[in-house]
Amino acid sequence: MRVDIISIFPEYFAPLDVSLMGKARERGILDIRLHQLRDWAHDVHRTVDDTPYGGGPGMVMKPEIWGEAIDAVVGAAAAGGEAAPEGAVAPRMIVPTPSGRPFTQEVALEYAKEPWLLFTPARYEGIDSRVMAEYGFRLRVDEVSIGDYVLAGGEAAVLVMVEAVGRLLPGVLGNAASVADDSFAPGTMENLLEGPVYTKPPTWRGHDVPEILLSGHHGKIARWRRDEALRRTAEKRPELLARLDPDSLDKHDRQL
Ligand SMILES: N#Cc1c(N)n[nH]c1-c1ccc2c(Cl)cn(Cc3cccnc3)c2c1
């Protein structure tokens, strides 16, 4: 997967050089390219913002700069300037915004199927809306929010989304099964929180590991883990239980 990120703070994405994402880049599973938006601002101060039409607080990011940057990043591949990833003619453009649709595990799985993503994290009060209109169809523009709280800009949201999507790509996680066991993962864990985890020693400061986990009885361990997931979900996120497909609950689940 190719990932392009256009930002006035490309240094914000240094964390993508380390850990899982760093290893995925070294192994060629993820091809992340960072672009400084100001490289397409041609005035002496490399200005990227201006006052909002209609008045109001803050500044708005200028459409011309974004248009030149996106055309340069996307056009280079589409114009044959370089091999587009896996024949993709154009990327999916993802715009973090407080007013976007919720970014969920389902959306992460949707993005993980794309050969090429273009993230456009902005600052100030956002990007002139004509930019999303200009690329809406050709780049399948998707405006998303990572949660109901307010950030200072889109960069942190892109870090979250790149990690959530990147870890789903084949070969990134050592044990593919752990993706299936994720909280919210489609299948048996859909809309359930993960249960508690333990490792050695079996007793630590008087706290014992639940006996069942030392039993070696895989069927009973799986049952215990599902019970813990249901209990924890009921306690911390009861609204998720309402989304559970009743057919996914067995007789034992229903007794809980
Ligand atoms: N994704 C997401 C997301 C989230 N979940 N919270 N905040 C954001 C987010 C994303 C992009 C920007 C841009 Cl550009 C500017 N701001 C600051 C701001 C604050 C209040 C109202 N308008 C803009 C952003 C906040």
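Indexing begins at 1, ligand by ligand and atom by atom, following the structure's order.
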Is a donor from one side chain sitting under 3.5 angstrom from an acceptor on the other, for Asp208 and Tyr198? no
Atom 20 (C) of ligand 1: nearest protein contact (heavy atom, Å): Val150 CG1, 3.5 Å
Just need the protein heavy atom nearest to atom 24 (C) of ligand 1, so name the residue and atom and give the distance. Gly153 CA, 3.7 Å
Would you say the side-chain atoms of Arg92 pair up with the backbone N or O of Arg140, donor to acceptor, closer than 3.5 Å? yes
For atom 4 (C) of ligand 1, what is the nearest protein heavy atom, given as residue, atom name and distance? Tyr149 O, 3.4 Å
Which residue and heavy atom of the protein sit nearest atom 11 (C) of ligand 1, plus the separation: Pro96 O, 3.4 Å
Measure Arg123 to ligand 1 on non-hydrogen atoms and call it side chain, backbone, both or neither using the 4.0 Å cut-off. backbone
Proximity to ligand 1 by part of Ala152, non-hydrogen separation under 4.0 Å: backbone
Checking contacts here: is it the side chain or the backbone of Thr97 that comes within 4.0 Å of ligand 1, counting heavy atoms only? Could be both or neither. backbone
Can you sort out which atoms of ligand 1 are near Ala122, meaning under 4.0 Å from one of its heavy atoms? 13 (C), 14 (Cl)
Using a 4.0 Å cutoff against the non-hydrogen atoms of Gly126, which atoms of ligand 1 qualify? 14 (Cl)
Donor-acceptor pair, Thr47 side chain versus Asp49 backbone, under 3.5 Å? no
Does NE2 in His207 sit with more than 12 non-hydrogen atoms of other residues, nucleotides or ligands closer than 6.0 Å? yes
Atom 17 (C) of ligand 1: nearest protein contact (heavy atom, Å): Leu151 O, 3.3 Å
Under 3.5 Å, side chain of Thr233 to main-chain N/O of Leu193, donor-acceptor pair present? yes
A quick test of your reading: do over 12 heavy atoms of other residues, nucleotides or ligands sit less than 6.0 Å from CG of Asp148? no
More than 12 non-hydrogen atoms from neighbouring residues, nucleotides or ligands closer than 6.0 Å to CD on Glu211, yes or no? no
Only one of Arg223, Arg231, Arg225 passes salt bridge (Lys or Arg N to Asp or Glu O under 4.0 Å) with Asp227; say which it is. Arg223
Is the closest heavy atom of Gly147 to ligand 1 under 4.0 Å? yes
Which of the atoms of ligand 1 are close to Ile146, meaning less than 4.0 Å from one of its heavy atoms? 1 (N), 5 (N)
Distance check, rounded to the nearest 0.5 Å: Met132 atom CE versus Ile127 atom CD1? 5.0 Å
Within 6.0 Å of CD in Glu106, more than 12 heavy atoms from elsewhere: no
How does Val144 reach ligand 1, by side chain, by backbone, by both or by neither, if only non-hydrogen atoms under 4.0 Å count? backbone
Atom 15 (C) of ligand 1 sits nearest the protein heavy atom Tyr124 O, 3.1 Å
Per-residue contact class, Ala157 against ligand 1 - non-hydrogen pairs under 4.0 Å: side chain
